[in-house]
Asker: 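What follows is a structure written as structure tokens; I'll ask about it next.
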Number of protein chains: 2
Amino acid sequence: MDDQQLVKTMHYFFNAVLKLRQDLRQRMQKKLVERGYSDITFEMMQVLYFLRFLAQKGEANQQEIADETGKNKATLTSLITNLLKRDMIERKTNPDNRRNNIIGLSAKGHQFILDLYPDVYKTYDINKIPLSMDDILSLTNTLNTIINS
Amino acid sequence: MDDQQLVKTMHYFFNAVLKLRQDLRQRMQKKLVERGYSDITFEMMQVLYFLRFLAQKGEANQQEIADETGKNKATLTSLITNLLKRDMIERKTNPDNRRNNIIGLSAKGHQFILDLYPDVYKTYDINKIPLSMDDILSLTNTLNTIINS
DNA sequence: GCCAAACAGTTTGAGTTCTAACTATTATTT
DNA sequence: AAATAATAGTTAGAACTCAAACTGTTTGGC
């Protein structure tokens, strides 16, 4: 396979990744609007879902959230600010390490998850995709392998 | 598989897609800086590569570029503005349809592609990934299937 | 031919993203 | 104990992103 072919193959692959991310974002944003959460963005939802389903005890500091969501810590600062404005989270200083902000869901944040769960993650109809849940798990592993290579 | 499991599986999958996109962006941005193109962004490069490798005759209007790169037409307006500032592209009105702006690479844009090609698309070392070129093609198809479902 | 609909692009305003430089706090070295 | 390094978060500035409202241009229906 020559370079021209390689570059095209990788270009198509990268394009597919970028488009899938965009598609995902758009579908979820649409669901949010349908459910009356038009002022909540996809990115804010990422943080809220992380706190509810993946964080230890439902709490994490900003650096941990940044690492787990693949965002920059500076990005987290503004995301957290915007989530606080909307009363979706609570922020407190960790008394054991005053460099850390401990972020957790507010009552409104919990309500949001209850309202949206699990509908949002059914954005793609599994039945219309020729993939099983195991395939999705395997696909996830493949993508993570690429990230870690 | 219960809903809680489904939501987690999909969450991990979505997370992997988002992280891969972020990882891709960061690796490419790093290459750009290494090569002395620190004022060119990943997104600008997307447009330049599209024009060079995928557009008919190396030209396209903004709507076509937006569709093919998965971006919004408003996003394209500012991207095009920034690419013009950097003399990487040329813009002219289509005389046959004055609604269209025809965008093509400038001499500097062509030089950019020559400098970077095909190194940027070797961002990931294929040899370190347990995937063949055929696997990548198949993976691309899988991602596109999901997008189109 | 005229008018409405469709289409391409721009503007506006709010949010997200990043790097680099910065503050504050904690951990490590000497 | 004091100096240094590492860590968590913030700020500033530029760019990207999107929806919605807007301007021009073209197309289609009557």
Side-chain angles (χ1 to χ4, degrees), chain A residues 18-19 21-30 32-34 37-48 59-86 88-89 91-103, chain B residues 18-19 21-30 32-34 37-48 59-86 88-89 91-103:
Chain A
L18 299 180
K19 277 191 176 175
R21 182 255 181 189
Q22 220 104 352
D23 186 64
L24 191 56
R25 192 178 188 285
Q26 279 164 17
R27 290 190 192 216
M28 291 214 181
Q29 203 75 57
K30 199 175 151 198
L32 285 168
V33 172
E34 284 169 10
Y37 289 106
S38 56
D39 67 333
I40 301 296
T41 65
F42 176 64
E43 289 76 14
M44 293 179 199
M45 197 180 66
Q46 267 189 276
V47 172
L48 298 176
E59 293 182 330
N61 66 43
Q62 296 183 198
Q63 187 64 62
E64 289 166 350
I65 300 173
D67 291 343
E68 292 303 316
T69 55
K71 296 180 193 301
N72 188 288
K73 65 180 176 173
T75 302
L76 252 288
T77 297
S78 58
L79 254 182
I80 293 298
T81 301
N82 285 325
L83 279 165
L84 280 171
K85 266 191 220 162
R86 289 158 177 80
M88 301 300 275
I89 58 171
R91 172 169 59 182
K92 60 190 179 204
T93 300
N94 182 352
D96 296 335
N97 187 339
R98 305 215 323 284
R99 287 173 301 188
N100 292 359
N101 289 340
I102 299 179
I103 312 294
Chain B
L18 299 180
K19 278 190 174 177
R21 182 255 181 187
Q22 220 104 352
D23 186 64
L24 192 56
R25 192 179 187 284
Q26 280 163 18
R27 290 189 192 216
M28 291 214 180
Q29 202 75 59
K30 199 176 150 197
L32 286 167
V33 171
E34 284 169 10
Y37 289 106
S38 56
D39 66 332
I40 301 297
T41 65
F42 175 65
E43 288 78 12
M44 293 178 198
M45 198 180 65
Q46 267 189 275
V47 172
L48 298 176
E59 294 182 328
N61 67 42
Q62 297 183 199
Q63 187 65 62
E64 288 166 352
I65 300 173
D67 291 343
E68 291 303 316
T69 55
K71 295 181 193 301
N72 187 288
K73 65 178 175 172
T75 302
L76 253 288
T77 297
S78 60
L79 253 181
I80 293 298
T81 301
N82 284 325
L83 279 165
L84 280 171
K85 265 192 220 164
R86 289 159 177 80
M88 302 300 276
I89 58 171
R91 173 170 56 184
K92 60 188 179 206
T93 300
N94 182 351
D96 296 334
N97 187 339
R98 305 214 325 284
R99 287 174 301 188
N100 291 359
N101 289 340
I102 298 179
I103 311 294

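Protein chains get the first letters and strands the later ones, always in sequence-line order, with residue 1 at the start of each. Computed from a predicted structure; not experimentally measured.
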Asker: Atom CZ of B/R98 and atom P of D/dT23: how far apart are they, to the nearest Å?
Answerer: 18 Å
Asker: Expressed in angstrom and rounded to an integer, what is the separation of A/D23 atom CG from D/dC18 atom C1'?
Answerer: 15 Å
Asker: Could you grab the distance from atom CD of A/Q46 to atom CD of A/E68, nearest 0.5 Å is fine?
Answerer: 11.5 Å
Asker: Starting at CD of B/Q62 and ending at C1' of D/dT25, how long is that distance when rounded to a whole Å?
Answerer: 15 Å
Asker: At less than 4.0 Å, is any side-chain N or O atom of A/T75 found next to OP1 or OP2 of C/dC18? Yes or no.
Answerer: yes
Asker: Between C/dA20 atom P and B/Q26 atom CD, what is the distance in whole Å?
Answerer: 12 Å
Asker: Could you please spell out the steps behind the side chain to side chain contact (heavy atoms under 4.5 Å, CB included) verdict for A/E43 and A/R25?
Answerer: CA-CA 9 Å; A/E43 289 76 14; A/R25 192 178 188 285; 2.8 Å; yes
Asker: Go nucleotide by nucleotide along DNA chain C from the 5' end; which of B/N100 and A/A74 gets its closest nucleotide reached first?
Answerer: B/N100
Asker: Quick one, A/T69 with B/L18, criterion side chain to side chain contact (heavy atoms under 4.5 Å, CB included). Give me CA distance, side-chain angles, the key distance, then yes/no.
Answerer: CA-CA 8 Å; A/T69 55; B/L18 299 180; over 6 Å; no
Asker: For a quick test of reading the model: is some side-chain N or O of A/N82 closer than 4.0 Å to OP1 or OP2 of C/dT16?
Answerer: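 Affirmative; the distance criterion is met.
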Asker: Quick check: on DNA chain C, is the nucleotide nearest B/R21 upstream (toward 5') of the one nearest B/N101, or the reverse? Name the residue that is more 5'.
Answerer: B/N101
Asker: Give a yes/no on whether any side-chain N or O of B/R91 is located under 4.0 angstrom from OP1 or OP2 of C/dT10.
Answerer: yes
Asker: To the nearest 0.5 Å, what is the distance between CD1 on A/I40 and CE on A/M88?
Answerer: 4.0 Å
Asker: Between C/dT16, D/dA19, D/dT26, which nucleotide gets closest to the side-chain atoms of A/E43?
Answerer: C/dT16
Asker: Which nucleotide in the set C/dA8, C/dG15, D/dA8 lies at the smallest distance from any side-chain heavy atom of B/K73?
Answerer: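 Between C/dA8, C/dG15, D/dA8, the one nearest the side chain of B/K73 would be C/dA8.
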Asker: For a quick test of reading the model: is some side-chain N or O of A/Q22 closer than 4.0 Å to OP1 or OP2 of D/dC18?
Answerer: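 Result: yes.
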Asker: Measure the distance from CG on B/L83 to C1' on D/dA14 and round it to the nearest whole Å.
Answerer: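 Distance, rounded to whole Å: 15 Å.
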Asker: Starting at atom CG of A/L32, determine the distance to atom C1' of D/dC18, rounded to an integer number of angstrom.
Answerer: 14 Å
Asker: D/dA19, OP1 or OP2 - any side-chain N/O from A/Q29 closer than 4.0 Å?
Answerer: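 Negative; the distance criterion is not met.
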Asker: In whole angstrom, give the distance that lies between atom CZ of B/R25 and atom P of D/dA15.
Answerer: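 Distance check: B/R25 CZ to D/dA15 P gives 13 Å.
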Asker: With a 4.0 Å cutoff (strictly under), does any side-chain N or O of A/K71 reach OP1 or OP2 of C/dT17?
Answerer: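 Yes, within the criterion.
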Asker: Quick one: is D/dC16 close enough that its OP1 or OP2 comes under 4.0 Å of any side-chain N or O from B/Q46?
Answerer: no
Asker: If you compare every side-chain N and O of A/N72 against the phosphate oxygens of C/dT19 (OP1, OP2), does one of them come in below 4.0 Å?
Answerer: yes
Asker: I need the CD-C1' distance between B/Q63 and D/dC18, as an integer number of Å.
Answerer: 14 Å
Asker: Closer than 4.0 Å, any side-chain N/O of A/T41 to the OP1 or OP2 of C/dG15?
Answerer: no
Asker: To the nearest 0.5 Å, what is the distance between CD1 on B/I89 and CG on B/N82?
Answerer: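 The CG atom of B/N82 is 9.5 Å from CD1 of B/I89, to the nearest 0.5 Å.
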Asker: Do any side-chain nitrogens or oxygens of B/N61 fall under 4.0 Å of OP1 or OP2 in C/dG9?
Answerer: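 For C/dG9, OP1 or OP2 has a side-chain N or O of B/N61 closer than 4.0 Å.
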Asker: Taking the minimum atom-to-atom distance to the side chain of A/R99, which one of C/dG9, D/dT10, C/dA24 wins?
Answerer: C/dA24
Asker: Measuring only between side-chain heavy atoms, which start at C-beta, is B/Q62 closer than 4.5 Å to B/R91?
Answerer: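 A side-chain contact exists here, since the closest heavy-atom pair is under 4.5 Å.
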Asker: Within the 4.0 Å heavy-atom criterion, would you say B/L79 contacts the bases, only the backbone, or no part of the nucleic acid?
Answerer: sugar-phosphate
Asker: Starting the side chain at C-beta, find the nucleotide from C/dG9, C/dG15, C/dT17 nearest to A/S78.
Answerer: C/dT17
